[in-house]
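In the text below, chain A, chain B and the rest are named by the order of the sequence lines, each starting its count at 1. Note that this is a predicted model, so its numbers are computed, not measured.
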2 protein chains.
Amino acid sequence: MNDHKPLSDTRERILDAAERLFMESGYEGTSMRMITGEAEVNLAAVNYHFGSKEALLREVFRRRLAWLNRERLRELDDLELNAAGEPLKPSAILEAFFGTLLHMGSDESLGGMTFLRLLGRTLTEPADFIRTFFAGEYAEVIERYKRALFRALPEVPHEEIIWRFHLMLGAMSYAIAGTDALQVVTGCELDLDNEGPNAAKQLAARVMPFLLGGLRAPLPQFPVSQEQQSQSEPTKAA
Amino acid sequence: MNDHKPLSDTRERILDAAERLFMESGYEGTSMRMITGEAEVNLAAVNYHFGSKEALLREVFRRRLAWLNRERLRELDDLELNAAGEPLKPSAILEAFFGTLLHMGSDESLGGMTFLRLLGRTLTEPADFIRTFFAGEYAEVIERYKRALFRALPEVPHEEIIWRFHLMLGAMSYAIAGTDALQVVTGCELDLDNEGPNAAKQLAARVMPFLLGGLRAPLPQFPVSQEQQSQSEPTKAA
DNA sequence: ATATGATTTAAACGAACGTTTGAACTATAG
DNA sequence: CTATAGTTCAAACGTTCGTTTAAATCATAT
């Protein structure tokens with residue numbers, strides 16, 4: 001039967017077009033006719049190959065997140081293996097988690113900046129099925145990295161670590177997604193020099209110090225949790 | 001002629017309903033029929049009172065941002081007056097910029113958490129008219145605060161400050177918008193204790209140290225700009 | 001060559017969208 | 001009371017949406 005097929009490049013054409021358009025106009029703002037038009041395939045092709053628009057979006061992400069999350073787990077495994085039971089340095093954990101992400105921006109075969117920006121923007125999409133999907137895709141990776149951070153920052157309350165993880169994700173998403181979204185707000189010429197592969201490297205150099213600074217910031221003194229800590233450097237990472 | 005009218009509470013009902021629904025489902029994901037249904041007004045009322053759906057969204061924001069940006073400018077004026085020409089402390093600048101924002105979350109008459117979350121989510125909406133609108137609304141405030149940060153951190157390249165301003169906005173947006181969006185990703189029970197007024201206070205205590213830590217983080221050593229600086233605390237703010 | 005399953009195609013489906021219309025209702029002013 | 005401007009209302013407008021259908025086309029294997 002069907003064996004040495006070219007894997008019907010119709011599928012890939014649709015996924016590429018959808019990736020770009022979802023990034024540019026969002027899920028609800030992108031119609032099937034826009035997608036099939038850009039992909040130069042028949043309107044019915046999406047439903048034939050993927051079943052529905054929702055399933056198409058899921059596949060757009062699955063094709064990229066499969067690599068991303070596998071790589072994230074692999075790098076964390078490596079770190080923990082080399083640490084021989086010792087807690088990891090926070091900077092190493094962030095490097096593994098966000099470095100893999102930013103690496104995708106440099107590699108066009110992994111989606112490049114287009115996928116990075118799509119990912120950043122989609123995390124705030126309110127549609128239920130999107131949030132449910134992401135929860136499932138991310139569950140294992142988040143759990144592993146959360147635990148690594150708990151061990152790396154033993155004197156920081158778990159709740160505080162989760163919050164800061166959350167905040168780091170937000171900052172990174174904006175840095176990625178907002179290449180032109182918020183620059184209009186900051187009214188500036190900053191922007192990544194070009195869309196090329198070193199755009200992601202610049203991004204990393206810009207963002208990683210910020211994230212580390214936030215993660216290692218003094219804890220809030222606040223009637224919110226049992227322990228509190230007023231020295232200005234609660235952790236020793238990096 | 002028309003003078004002592006009750007200002008037709010139809011308008012306010014529509015604005016309130018739209019605020020909540022845009023927050024919950026996004027702009028494209030919210031239909032006029034959902035809005036007029038929730039507001040219990042006739043379908044045509046939106047076009048009658050506001051002209052179009054786009055104009056409605058603009059009015060939803062204008063009604064809140066008018067207060068926010070006026071207050072932000074006022075607080076910055078106060079700070080600069082009291083500083084008598086000296087540069088401000090970065091922490092004071094952030095407190096003025098983000099403190100006013102978070103204050104809205106505590107005050108139901110300013111929109112409360114609903115508007116805060118709407119604002120956080122809408123900054124990533126890709127629709128052109130939305131980005132254009134925000135650019136106009138924010139231009140003056142951003143310009144003033146940018147300049148204050150330049151003066152407060154004289155040894156940090158302007159480009160780097162803009163980037164970190166951007167990153168702080170992103171982190172804050174997520175912290176606000178993601179109350180249930182990303183918690184599903186972090187799979188956690190953190191969340192704000194309640195939707196009440198102290199939710200915003202908790203948020204502030206959580207987020208402000210993170211932002212300050214990020215803003216004051218060591219600069220990246222990187223072939224990107226003329227000066228570079230490898231000491232671990234490039235600024236003295238606090 | 002022909003049969004078979006996979007894919008593509010043009011056309012249409014009903015539903016929902018934002019918007020418009022013109023009549024009905026309300027309330028103030030002369 | 002009548003006139004008038006402001007507001008609400010049910011109904012319909014034309015368009016676009018995601019999806020489905022059934023025939024046409026392509027590719028492979030016997």
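- Note: L116(A) CG to D107(A) CG = 11.5 Å, rounded to the nearest 0.5 Å.
- Among the heavy atoms of the strands lying under 4.0 Å from T30(A) are primed sugar atoms or P, OP1, OP2 only; no base atom is included.
- Taking atom CE of residue M32(B) and atom C1' of nucleotide dT15(D), one finds them 16 Å apart after rounding to whole Å.
- Shown here for E28(A) and G29(B), the closest heavy-atom pair between the two residues is OE2-CA, 3.6 Å.
- Among the atoms of the strands shown, base atoms are found under 4.0 Å from some heavy atom of A44(A).
- Across the protein-nucleic acid pair, R33(B) atom CZ and dT20(C) atom P stand 13 Å apart, rounded to whole Å.
- Residue H49(B) places at least one side-chain N or O closer than 4.0 Å to OP1 or OP2 of dT8(D).
- Partner of F165(B) under the ring-ring contact (aromatic ring centres under 6.0 Å, His included) criterion, chosen from Y138(B), Y145(B), F97(B): F97(B).
- Closest to the K53(B) side chain, of the nucleotides dT19(D), dT8(D), dT19(C), is dT19(C).
- Rounded to whole angstrom, the span from the CG atom of N42(A) across to the P atom of dT8(C) amounts to 9 Å.
- If you measure from atom CD of E28(A) to atom C1' of dC17(D), you get 11 Å, rounded to the nearest angstrom.
- The OH atom of Y48(B) sits 5 Å away from the C1' atom of dT7(D) (whole-angstrom rounding).
- Contact annotation: S31(A) does not reach the phosphate of dT16(D) (side-chain N/O to OP1 or OP2, under 4.0 Å).
- Rounded to whole angstrom, the span from the CZ atom of F50(A) across to the P atom of dT20(D) amounts to 16 Å.
- Here dC17(C) presents its P atom at 13 Å from OH of Y27(B), a figure rounded to the nearest Å.
- With a 6.0 Å radius and a threshold of 12 heavy atoms from other residues, nucleotides or ligands, E140(B) has its CD atom at or below the threshold.
- Among R74(A), R147(A), R144(A), the one residue that satisfies the salt bridge (charged side-chain N to carboxylate O under 4.0 Å, His left out) test with E80(A) is R144(A).
- dA10(D) atom P lies 16 Å from atom CG of N47(B), rounded to whole Å.
- Residue T10(A) has no polar side-chain atom (N or O) positioned under 4.0 Å from OP1 or OP2 of dT7(C).
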